[in-house]
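Numbers here simply count residues along the sequence, with the first being 1.
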Amino acid sequence: MRKHSYISLFALFLSGCLPVEPYEDAYETRPKQQPIRELPDSPFRTNRVPPGNVSLSIETFEVEAKNRELIELALRYRDNNVKVGVGALGGKNGLVIYGAKGGLSGAMRATASSSSTNHVTTQSLLVAIGSYGVFKALRSEIGIRTIQIPVYRGTVVISTILERVTGSGLGVKIYTADNEQVDAEVMPFFRRSRDGSVLGITQLKTRIMLIPGNTYVLMSHEDSSQTLGNALLTYERNGQRRKIIQLVTARVGE
């Protein structure tokens, strides 16, 4: 991860001063909004991936934070034998990424279908090795939110960003990929409400290694404090706090 010299910013409001990594919308695949009972098996599992590319399947579960069933299910499937280093994204920044045991996707879908308050969307992202792609966490259609994002490195606050945003997600760059592992760099971003441009949090770029075919869980820590993880993956609607859990699986072209 690159080392930068940053000035602490305690109130940055729509100024565009934070370093931004550009991501083009051409790389973005918008998720399909469908009722859970109509969702077929993800076609990425059987479709051929072109050589020199990595296919990412992202299943997004949107749940009420007070409904613990899906959250606890995701935690029960954690595979402690799969090590994933999340660097600056973890710890006080509040983002959790871990490898899961097989069968989690089906179990999550079956459980989600029992309540009409749960929503499931899918995305499929094809990224050429050496290129960038982006996938969404909170959809832009959810509406304008004002968020304050503390960014930490260790226990030191680098900056606090105050922004009005319409969505969030992760930028992904694939460095190398083979049948053994995918070497990727991830960076959180927020989509500004002002003009739709992307605010990338370059301080938190993190290299991670993914095993092709394994499912990885992405969610925020279980607390209500203002962290980057909660800004990325939680929001409030009609007085209810809702939480995003994402399942990410990679396949490598042959």
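- To the nearest 0.5 Å, atoms CG (Leu228) and CZ (Phe190) are separated by 5.0 Å.
- With contacts defined as side-chain heavy-atom distances shorter than 4.5 Å, the pair Gln246/Gln123 qualifies.
- Considering only heavy atoms from C-beta on, Val134 comes within 4.5 Å of Phe189 through its side chain.
- In this structure, the side chains of Val165 and Arg191 stay at 4.5 Å or more apart for every pair of heavy atoms.
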Determine, step by step, whether Tyr216 and Leu210 satisfy the side chain to side chain contact (heavy atoms under 4.5 Å, CB included) criterion, reporting the C-alpha distance in whole Å, the side-chain angles of both residues, the deciding distance to 0.1 Å, and the verdict.
CA-CA 8 Å; Tyr216 294 86; Leu210 305 176; 3.8 Å; yes
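- Annotation: side chain of Met108 is in contact with side chain of Ile245 (closest heavy-atom distance under 4.5 Å).
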Apply side chain to side chain contact (heavy atoms under 4.5 Å, CB included) to Leu104 and Leu247, showing your working.
CA-CA 9 Å; Leu104 175 58; Leu247 308 185; 3.7 Å; yes
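- Counting heavy atoms from C-beta on, the side chains of Leu233 and Leu95 come closer than 4.5 Å.
- Under the 4.0 Å criterion applied to side-chain N and carboxylate O atoms, Glu62 and Arg242 are assigned as salt-bridge partners.
- Residues Tyr152 and Asn93 meet the side-chain proximity criterion, which asks for heavy atoms closer than 4.5 Å.
- No donor-acceptor distance shorter than 3.5 angstrom exists from the side chain of Arg241 to the backbone of Tyr235, with no hydrogens or angles considered.
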Please determine whether side chain to side chain contact (heavy atoms under 4.5 Å, CB included) holds for the pair Leu126 and Val49, giving the CA-CA distance in whole Å, both sets of side-chain angles, and the decisive distance to 0.1 Å.
CA-CA 8 Å; Leu126 190 66; Val49 180; 4.0 Å; yes
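- The CD1 atom of Ile208 sits 9.0 Å away from the CG atom of Asp183 when rounded to the nearest 0.5 Å.
- Minimum heavy-atom separation, Gly169 to Leu232: O-CD2, 3.6 Å.
- Residues Leu199 and Ile161 meet the side-chain proximity criterion, which asks for heavy atoms closer than 4.5 Å.
- Note: Arg76 CZ to Glu72 CD = 7.0 Å, rounded to the nearest 0.5 Å.
- For the pair Val217 and Ala100, the tightest heavy-atom approach, listed with the atom from each and the gap, is CG2-CB, 4.0 Å.
- For the residue pair Ala107 and Leu73, the shortest heavy atom distance occurs at O-CD2, 3.5 Å.
- Contact record, Pro150 with Gln226: CG-O, 3.1 Å, taken as the closest heavy-atom pair.
- One finds the CD atom of Glu64 at 7.0 Å from the OG atom of Ser115 (value rounded to the nearest 0.5 Å).
- A distance of 11.0 Å separates CZ of Arg139 from OG of Ser168, quoted to the nearest 0.5 Å.
- Side-chain N or O atoms of Thr206 include one that pairs as donor or acceptor with a backbone N or O of Leu204 at under 3.5 Å.
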Is there a side chain to side chain contact (heavy atoms under 4.5 Å, CB included) between Tyr98 and Val84 once you walk through the steps?
CA-CA 6 Å; Tyr98 61 85; Val84 184; 5.7 Å; no
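- For the residue pair Ile174 and Ala128, the shortest heavy atom distance occurs at CB-O, 4.3 Å.
- Between Ser220 and Lys243, the closest heavy-atom pair is OG-NZ, 2.8 Å.
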Should Thr166 and Ser193 be marked as a side chain to side chain donor-acceptor pair (under 3.5 Å) after you check the CA-CA gap, both sets of side-chain angles, and the distance that decides it?
CA-CA 5 Å; Thr166 61; Ser193 65; over 6 Å; no
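- In this structure, Arg145 contributes its side chain and Gly167 its backbone to no donor-acceptor pair below 3.5 Å.
- Interatomic distance, OG1 of Thr176 versus CG of Asp178, reported as 6.5 Å (0.5 Å rounding).
- In this structure, Glu254 places its CD atom where only 12 or fewer heavy-atom neighbours from other residues, nucleotides or ligands lie under 6.0 Å away.
- Here the side chains of Asn67 and Val63 are not in contact, with every heavy-atom distance at 4.5 Å or above.
- Side-chain atoms of Glu185 do not come within 3.5 Å of backbone N or O of Lys173 as any donor-acceptor pair.
- One finds a salt bridge joining Arg192 and Glu163 here, because a Lys/Arg side-chain nitrogen approaches an Asp/Glu carboxylate oxygen to under 4.0 Å.
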